Protein chains: 2
Amino acid sequence: MKKVKTNKRQLILDEAAKLFKERGFAGTSMRDLGAQVGMEAASMYNHINSKDEILETICFYVSNTYISHLTEIENTADSYVDKIKALIRLHIRLMVEDGAAVSVGNNDWKYLTGNKLAEFKEARKRYERGFATLIEEGIAAGEFQPVNVSVALFTILSAVRWVELWYRPGRGVSPEELEENIMTILLNGLAR
Amino acid sequence: MKKVKTNKRQLILDEAAKLFKERGFAGTSMRDLGAQVGMEAASMYNHINSKDEILETICFYVSNTYISHLTEIENTADSYVDKIKALIRLHIRLMVEDGAAVSVGNNDWKYLTGNKLAEFKEARKRYERGFATLIEEGIAAGEFQPVNVSVALFTILSAVRWVELWYRPGRGVSPEELEENIMTILLNGLAR
DNA sequence: CCTACCGATCGGTAGG
DNA sequence: CCTACCGATCGGTAGG
């Protein structure tokens with residue numbers, strides 16, 4: 001009976017996410033990762049099967065998290081404004097709490113290959129379509145301005161996407177303040 | 001008399017920007033680039049000095065372009081609303097017209113090393129400070145809502161940053177429509 | 001979990 | 001601008 005899946009595996013995945021965020025997947029060697037984890041590169045192959053598998057695990061962890069939260073939000077009876085607010089809050093929180101993994105899902109998914117690349121793109125498209133539908137229905141319900149749905153979708157997705165690049169909690173702006181300010185700009189606009 | 005700088009050099013830089021955008025700097029080999037340009041990897045060294053030099057040239061071309069436009073905008077007598085609008089328009093246009101180089105300046109600058117890395121970060125900080133100052137003065141002048149300046153700055157910078165990732169002209173949304181919609185959301189908000 | 005090592009590929013140079 | 005090649009480093013395996 002083989003027991004391979006220990007918490008060492010999770011440690012490797014966590015450190016990999018941090019290094020991939022800093023240097024990119026292609027810019028991170030298994031020897032770099034080994035040094036960070038505290039073992040030889042070769043030893044990590046007792047816990048993982050390949051460098052590609054690490055990337056896949058992180059990417060699909062992120063896409064699954066986003067999609068399951070989207071499904072929850074879709075099924076509430078809230079107004080469209082509140083649904084979009086909940087999604088914006090979701091993006092900000094995942095980035096504050098698990099910025100390294102989110103960064104990999106945003107930037108390094110392009111190093112996925114074959115089926116996995118296709119599956120990931122599919123998952124992302126499903127998420128974007130669900131998000132877009134909420135905007136579309138919100139416009140139809142008169143809650144939103146009649147903007148182009150795709151432009152609105154990607155403007156929102158992008159606006160919240162870089163929190164993990166520059167936001168450091170405990171330096172002037174609290175997470176609550178961050179959420180509130182971003183929401184104000186996206187929903188009410190910067191201009192008075 | 002050595003004449004090294006031909007238009008072949010520019011071809012190499014252009015193809016490099018495209019490949020770096022697609023696969024990242026670390027994920028692009030000089031052999032990949034040679035194949036794209038149409039010569040052997042070794043032959044490109046008659047036009048460029050190193051792979052690093054290619055990256056540096058692209059990154060500083062981008063940062064210099066942004067900074068020189070910012071300086072122009074700072075020196076106009078326009079309202080703060082119009083200045084911010086001009087900056088948003090600048091970002092969108094550079095991305096539509098030269099998306100590959102902008103992408104490298106946004107994502108691959110992290111592979112710069114030593115002095116060049118420090119210089120690039122410095123240039124970016126200078127740009128961000130100038131942009132932030134315009135927002136700050138706009139709030140003081142009563143043109144903008146009293147939001148947190150840093151949050152507003154990065155929300156705007158991020159919101160326009162992904163145009164080059166999903167925007168394809170001639171597919172439903174014209175560049176003018178794109179600019180107008182993004183500006184509406186950022187300045188007036190999505191909600192009615 | 002380590003040592004020792006594999007074939008492949010990397011950025012770059014020599015020489016023509 | 002190409003052929004031929006360099007030392008270094010890559011992801012991964014064998015064997016213990």
Side-chain angles (χ1 to χ4, degrees), chain A residues 1-59 104 108-117, chain B residues 1-59 104 108-117:
Chain A
M1 220 163 27
K2 234 175 29 173
K3 173 107 182 310
V4 162
K5 201 161 191 167
T6 65
N7 53 354
K8 281 279 172 178
R9 181 180 159 93
Q10 194 56 51
L11 175 64
I12 292 169
L13 293 171
D14 289 345
E15 295 301 323
K18 286 187 217 167
L19 286 181
F20 293 171
K21 177 185 172 182
E22 268 174 46
R23 318 180 195 177
F25 175 76
T28 302
S29 73
M30 293 301 285
R31 285 157 179 82
D32 292 337
L33 179 54
Q36 204 65 25
V37 170
M39 41 171 105
E40 292 302 314
S43 303
M44 291 190 291
Y45 287 85
N46 287 299
H47 304 285
I48 52 108
N49 292 313
S50 67
K51 192 187 177 193
D52 284 341
E53 188 207 32
I54 295 176
L55 179 64
E56 291 160 12
T57 305
I58 297 170
C59 286
V104 172
D108 290 316
W109 61 266
K110 65 184 169 212
Y111 298 107
L112 291 170
T113 52
N115 279 345
K116 297 295 179 178
L117 177 59
Chain B
M1 219 163 30
K2 232 173 35 171
K3 171 112 185 306
V4 162
K5 202 161 190 169
T6 66
N7 54 354
K8 281 278 172 177
R9 181 179 159 92
Q10 194 56 51
L11 175 64
I12 292 169
L13 293 171
D14 290 345
E15 295 302 322
K18 286 187 216 165
L19 286 181
F20 293 171
K21 177 185 171 182
E22 269 174 46
R23 319 180 194 177
F25 175 76
T28 303
S29 73
M30 293 301 285
R31 285 155 179 85
D32 292 337
L33 179 54
Q36 203 67 24
V37 169
M39 43 173 103
E40 292 301 315
S43 303
M44 291 189 290
Y45 287 85
N46 288 299
H47 304 286
I48 53 107
N49 292 313
S50 67
K51 191 187 178 192
D52 284 342
E53 189 209 29
I54 296 176
L55 179 65
E56 290 160 13
T57 305
I58 298 171
C59 286
V104 173
D108 289 317
W109 60 267
K110 66 184 169 209
Y111 298 107
L112 292 170
T113 52
N115 281 344
K116 297 294 179 178
L117 177 60

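What you see is a predicted model; the values in this text were computed from it and never measured. Convention: sequence-line order gives letters A, B, ...; per-chain numbering from 1.
A straight line from CG of B:N46 to C1' of D:dC2 spans 10 Å, rounded to a whole angstrom. We find that CG of B:L55 is positioned 14 Å from C1' of C:dG11, with the value rounded to whole Å. Straight-line distance from the CD atom of A:E40 to the C1' atom of C:dC5: 13 Å, rounded to whole Å. A straight line from OH of A:Y45 to C1' of D:dG15 spans 17 Å, rounded to a whole angstrom. In this structure, CD1 of B:I12 is placed 15 Å from C1' of C:dG11, rounded to the nearest angstrom. Protein atom CZ of B:R31 is 14 Å distant from nucleotide atom P of C:dA8, rounded to whole Å. Rounded to whole angstrom, the span from the CE atom of B:M44 across to the C1' atom of C:dG11 amounts to 10 Å. Rounded to an integer number of Å, the gap from A:L11 CG to C:dC1 C1' is 14 Å.
Ranking C:dC1, D:dC2, C:dC10 by closeness to the B:M39 side chain, first place goes to D:dC2. Picking from D:dG12, C:dG12, D:dC1 the nucleotide with the shortest atom distance to the side chain of B:K51 gives C:dG12. Of the candidate nucleotides C:dC1, C:dG11, D:dT13, D:dT13 has the atom nearest to the side chain of A:A42. Side-chain proximity of A:M30 to the nucleotides D:dG11, D:dC5, D:dC1 is greatest for D:dG11. When distances are taken from the side chain of B:S29 to each of C:dC1, D:dG12, C:dG11, the shortest belongs to C:dG11. When distances are taken from the side chain of A:S50 to each of C:dG12, D:dG12, D:dC2, the shortest belongs to D:dG12. Of the listed nucleotides (C:dT13, D:dC10, C:dC2), C:dC2 has the atom at the smallest distance from the side chain of A:S43.
Across all strands shown, D:dG12 is found opposite C:dC5 as a Watson-Crick or G-U wobble partner, with both distances under 3.5 Å.
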**Message:** With side chain to side chain donor-acceptor pair (under 3.5 Å) as the criterion, how do A:D32 and A:Q36 come out once you've worked through the C-alpha distance, each side chain's angles and the decisive distance to 0.1 Å?
**Reply:** CA-CA 6 Å; A:D32 292 337; A:Q36 204 65 25; over 6 Å; no
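Along DNA chain D, the nucleotide nearest A:D32 and the nucleotide nearest A:N49 are compared for position; the residue whose nucleotide lies closer to the 5' end is A:D32.
Nearest approach of B:A26 to B:Y111, heavy atoms of both residues: CB-CE2, 3.9 Å. Taking all atoms of both residues into account, the shortest heavy-atom contact from B:D108 to B:K21 is OD2-N, 4.3 Å.
In this structure, the side chain of B:K8 does not engage the main chain of B:M44 through any donor-acceptor pair within 3.5 Å.
The residues B:E53 and B:R9 are annotated as salt-bridged, a charged nitrogen and a carboxylate oxygen being separated by less than 4.0 angstrom.
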